[in-house]
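Model, not experiment: these values are computed from the prediction. Just follow the structure's listing: the first ligand is 1, and inside any ligand the first atom is 1.
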Amino acid sequence: MKVGVFDSGVGGENVVAAIKIAIPKAEVIFRDDRAHLPYGNKTASQILELMTPIMQTFTDQDQVDAIVIACNTASTNILDQLKELVSVPVIGFVPMIKPASLMTKTNTITVCATPGTLKSNRYAALKAAYARDLVVIEPDCSDWAEMIEANKLNMARIGDVVNQSMRAGSDVIVLGCTHYHWIEDQLKQLAGPNITIIQPTTSVIAELKRVLDC
Ligand code: DGL
């Protein structure tokens with residue numbers, strides 16, 4: 001069985017690693033688009049134009065059985081259009097607003113995501129459905145994907161976001177960009193025991209196993 005995984009860059013790599021551990025018999029084919037990173041500053045139509053040939057390569061050349069869009073920016077903006085391009089199941093990464101809403105005891109959550117994700121209709125719909133009565137902090141993480149891609153972490157910038165979140169009384173931080181998974185440990189250290197940091201790799205893999213029937 002073959003699984004295609006897409007992200008603009010290094011965010012997809014830890015998703016690939018997690019899939020390989022969870023489904024060792026799967027052959028995982030990773031495609032990125034580092035030439036056009038960051039996706040987080042692009043419009044939905046720009047992303048669709050860039051990703052259309054990649055989706056076709058996944059099905060025509062790689063002949064995958066399922067595709068994981070390990071990019072919240074693409075998933076929140078164009079997941080339905082991407083599904084229409086191919087005949088295999090397509091699973092996206094989207095910010096875990098519903099789980100965060102069930103976990104928070106302070107009714108305050110923080111969502112770290114790209115500008116493109118925060119502006120998307122899908123994200124607005126998730127907030128309307130699950131976070132209507134919550135305070136949702138959306139710190140400026142617009143340079144994080146490039147910073148993490150270049151492996152040049154500015155811990156002061158990252159610390160500012162955690163502090164902003166703590167000051168607001170947030171007790172859950174949602175990682176809404178797969179690039180940020182790479183700094184999950186650092187964020188946990190900065191945030192301490194009173195803030196829970198969540199991201200959806202485990203539930204995406206559960207859904208992948210379901211569609212692959214394995
Ligand atoms: N890793 C991607 C995401 O989950 C996007 C990073 C970028 O290219 O801006 O949103």
Apply the test side-chain contact (heavy atoms from CB on, under 4.5 Å) to residues V10 and R34: give CA-CA distance (whole Å), side-chain angles for both, the deciding distance (0.1 Å), then the verdict. CA-CA 9 Å; V10 76; R34 285 180 161 98; 3.6 Å; yes

Check each N or O atom of ligand 1 against all protein N or O atoms and list the pairs under 3.5 Å, with atom names and distances to 0.1 Å, one per line.
residue: ligand 1; atom: 1 (N); partner: D7; partner atom: OD1; Å: 2.9
residue: ligand 1; atom: 1 (N); partner: D7; partner atom: OD2; Å: 3.4
residue: ligand 1; atom: 1 (N); partner: T178; partner atom: OG1; Å: 2.9
residue: ligand 1; atom: 1 (N); partner: H179; partner atom: ND1; Å: 2.8
residue: ligand 1; atom: 4 (O); partner: N72; partner atom: N; Å: 2.8
residue: ligand 1; atom: 4 (O); partner: N72; partner atom: ND2; Å: 3.2
residue: ligand 1; atom: 4 (O); partner: T178; partner atom: N; Å: 2.9
residue: ligand 1; atom: 4 (O); partner: T178; partner atom: OG1; Å: 3.4
residue: ligand 1; atom: 8 (O); partner: S8; partner atom: OG; Å: 2.7
residue: ligand 1; atom: 8 (O); partner: Y39; partner atom: N; Å: 2.7
residue: ligand 1; atom: 9 (O); partner: Y39; partner atom: N; Å: 3.3
residue: ligand 1; atom: 9 (O); partner: G40; partner atom: N; Å: 2.8
residue: ligand 1; atom: 10 (O); partner: N72; partner atom: N; Å: 3.4
residue: ligand 1; atom: 10 (O); partner: T73; partner atom: N; Å: 3.1
residue: ligand 1; atom: 10 (O); partner: T73; partner atom: OG1; Å: 2.7

Does atom CG of D213 have more than 12 heavy-atom neighbours from other groups under 6.0 Å away? no

Quick one: does S101's side chain have a donor or acceptor within less than 3.5 Å of a partner on K98's backbone? yes

Return the orientation label for the W144 and Y180 ring planes: parallel under 30°, perpendicular over 60°, tilted otherwise. perpendicular

Between N77 (side chain) and G116 (backbone), is there a donor-acceptor pair under 3.5 Å? yes

Apply the test salt bridge (Lys or Arg N to Asp or Glu O under 4.0 Å) to residues R157 and E146: give CA-CA distance (whole Å), side-chain angles for both, the deciding distance (0.1 Å), then the verdict. CA-CA 13 Å; R157 281 273 302 116; E146 282 170 292; over 6 Å; no

